[in-house]
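Following: one structure in structure tokens, then a few remarks.
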Protein chains: 2
Amino acid sequence: MRARAPASSANLGPGFDALAVALALYVEVTVEPAEHLRVSTEGEGSDLPADATHLAARVAAQVIGHDRLAITVRSEIPVGRGLGSSAALAVAAAAAAGAKDPLAVGARVDGHPENAAASALGGLIAATIVDDAAAAERLPLDPHLAFVVVVPDQQLATKQARAALPASVPHADAGFNLGRMGLLIAGLADHRRLTPTATEDRLHQPYRLPLFPQAARLLAGLVDAGALATSWSGAGPSILAICTAGTASRVAEAGAKLLDETGLTGQVLQLAPDYEGVQTAT
Amino acid sequence: MRARAPASSANLGPGFDALAVALALYVEVTVEPAEHLRVSTEGEGSDLPADATHLAARVAAQVIGHDRLAITVRSEIPVGRGLGSSAALAVAAAAAAGAKDPLAVGARVDGHPENAAASALGGLIAATIVDDAAAAERLPLDPHLAFVVVVPDQQLATKQARAALPASVPHADAGFNLGRMGLLIAGLADHRRLTPTATEDRLHQPYRLPLFPQAARLLAGLVDAGALATSWSGAGPSILAICTAGTASRVAEAGAKLLDETGLTGQVLQLAPDYEGVQTAT
């Protein structure tokens, strides 16, 4: 069976571990019976070992119960950049292996319910862990919105980004993020109400900034170029600009310039949201 | 001029200082020119001094620039119970005094932008303070929802409730509330998706429980009786049950029984949401 799942951008500023949006950039996984495990990969992530340790192989074997499988992975999703590549891969592999609930499998394997839910369901997602399982709900997403992602070539390990977070935070900062998250959910439902204030955050971005100091300039520069709001994408280092469809090209051009100006190499992607989530075909 | 504003229930579990819903229980304020300040009050809060220290008098004098006013206040909103009585009064007084932006005045005077915004705009509100001013947005609220509020006779000062909060909280608890708040916003937009999980909270209710230990029994008992979810209303001691219209009567009966069983006196209100916010008439 074949399955395709979209990339996702999580956190979106205040919505740390709670919000994600699916983006039209895909990984496709094919799983077929074989005499013994064969993994072949193309595109992004194809430098990873194509053997039993590959995430797609582990997920498919777990779903099916054995690993006498031929698995093909074709991915457009840059790895280790905060675009949910492993959650998308896990969801697509689970679906291609015939899992009844690819979201549950993907969230369990990847550990990020919001990325897995966006890849499985599409659109804008509120998600969290409840009783050790993913709980996810769709939220309204204004179809006038478009996304620009500045993707630096350097990777930033999620583990390292997680270790940068403090054990405790001021109560006022927790409240700050709740207040901004409400404004953000309203703004994502109606772009006319979305402002840069809505993606302000005090729970992760400021703590991670030393790992990727150029983020400050990128976040501000993309707003200056016309983005409605900007945030780190997942744990970075990609930076997400939330735009109207009409301004996305201008913001993308500014993104390329900002990469140059901050001494980075990388790519700038203009992406529509994905509203479909994981899709299977036999 | 005459103005009427609805009560509100803030926080709603995870949405500490960030969410509020307007409830169809009202305060009405009339402001007219007079030779010198006269304040007369009826209903809830009429035991407070009817003089220049009255909130309605202070707000009206501030808006108009002098206090040669005859002010009448008629309120159905119990005071000091977590139903936003002072925010509603401030918004109504500001509107009755001719303020162009009663929300801004009410939020500044009362200090709770989410209560003031619910009283000013009606419906379900996401609000917070941005640059010392209230920022507020409407969020979708399922018209099938109804509210039951258990209102103990005892008051709980907001100041005392605020002092019970810790200076800092575990980072994981801040994330916990963000995750629940996303689920709650989805559930309030569609009652079929609302579960008791969505109003779980780790930022205020657990810390305030020693001030009102009966809350635990009320919160759980109202869910047992059929409420979709329950939370403290504002800083308490009122407890809010979010219900479908069909189950509200049953939940209200259970609320009365729970008051008895926990040794409390008080009242149980069945309230529709208010969708209008502050209304003025000359």
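Lettering follows sequence order; numbering is per chain, from 1. Any value given below was found using the heavy atoms of this structure, including those in side chains, with hydrogens, waters and symmetry copies removed. Since the model is a prediction, treat every value here as computed from it, not as a measurement.
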Look up atom [atom1] in [X] and atom [atom2] in [Y], then write down how far apart they are to the nearest 0.5 Å.
{"X": "B:Leu55", "Y": "B:Ser86", "atom1": "CG", "atom2": "OG", "result": "6.0 Å"}
{"X": "B:Asp224", "Y": "B:Arg217", "atom1": "CG", "atom2": "CZ", "result": "9.5 Å"}
{"X": "A:Asp173", "Y": "A:Asp201", "atom1": "CG", "atom2": "CG", "result": "9.0 Å"}

Which pair of heavy atoms, one from [X] and one from [Y], lies closest together, and at what distance?
{"X": "B:Leu184", "Y": "B:Leu12", "result": "CD2-O, 3.1 Å"}
{"X": "B:Ala92", "Y": "B:Ala5", "result": "CB-CB, 3.9 Å"}
{"X": "A:Val278", "Y": "A:Ala95", "result": "CG2-CB, 3.7 Å"}
{"X": "A:Ala235", "Y": "A:Arg208", "result": "CA-NH1, 3.6 Å"}
{"X": "B:Gly82", "Y": "B:Ser233", "result": "O-OG, 2.7 Å"}
{"X": "A:Val251", "Y": "A:Ala241", "result": "CG1-CB, 3.8 Å"}

Next on the checklist: Which residues in residues 104-131 of chain B have any heavy atom closer than 4.5 Å to a heavy atom of chain A?
Outcome noted: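 Within residues 104-131 of chain B, the residues under 4.5 Å from chain A are B:Ala126, B:Ala127, B:Thr128, B:Ile129, B:Val130.
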Next on the checklist: Taking 4.5 Å as the heavy-atom cut-off, does anything in residues 161-169 of chain B contact chain A, and if so which residues?
Outcome noted: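 Counting heavy atoms that sit under 4.5 Å from chain A, the residues of residues 161-169 of chain B involved are B:Leu165, B:Pro166, B:Ala167, B:Ser168, B:Val169.
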Item to check | Side chain / backbone / both / neither for B:Leu178 at chain A, heavy atoms under 4.5 Å | outcome: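 Answer is both: backbone and side chain atoms of B:Leu178 are under 4.5 Å from chain A.
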Next on the checklist: Tell me whether the rings of B:Phe212 and B:Trp232 are parallel (<30°), tilted (30 to 60°) or perpendicular (>60°).
Outcome noted: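 Taking B:Trp232 first and then B:Phe212, their aromatic rings stand perpendicular (interplane angle over 60°).
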Item to check | Aromatic ring pairing B:Phe16/A:His171, orientation class (parallel under 30°, perpendicular over 60°, tilted between) | outcome: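 Because their plane-to-plane angle is over 60°, the rings of B:Phe16 and A:His171 count as perpendicular.
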Next on the checklist: Is A:Asp17 in contact with chain B via its backbone, its side chain, both, or neither, using a 4.5 Å heavy-atom distance?
Outcome noted: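 For A:Asp17, no heavy atom lies under 4.5 Å from chain B.
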Item to check | Heavy-atom contact with chain B under 4.5 Å, split by part of A:Leu139 | outcome: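 For A:Leu139, the contact with chain B is made by the side chain alone.
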What option among [options] has the most heavy-atom pairs under 4.5 Å with chain A?
{"options": "B:Thr197, B:Leu183, B:Thr195", "result": "B:Leu183"}
{"options": "B:Arg193, B:His204, B:Arg138", "result": "B:Arg193"}
{"options": "B:Gly182, B:Ala189, B:Ala136, B:Pro140", "result": "B:Gly182"}

Next on the checklist: Only pairs of heavy atoms separated by less than 4.5 Å count here; which of A:Ile185, A:Leu19, A:Leu203 has the most with chain B?
Outcome noted: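 Option with the greatest count: A:Leu203.
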Checklist entry - With distance as the sole test, does A:Asp274 use its side chain to make a donor-acceptor pair with the main-chain N or O of A:Ala22 at under 3.5 Å? => result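 Not at all, since once roles are kept as given, no pair shorter than 3.5 Å links the two residues.
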Checklist entry - Can you tell if the side chain of A:Gln160 reaches within under 4.5 Å of the side chain of A:Gln155, non-hydrogen atoms only? => result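 No, their side chains stay 4.5 Å or more apart.
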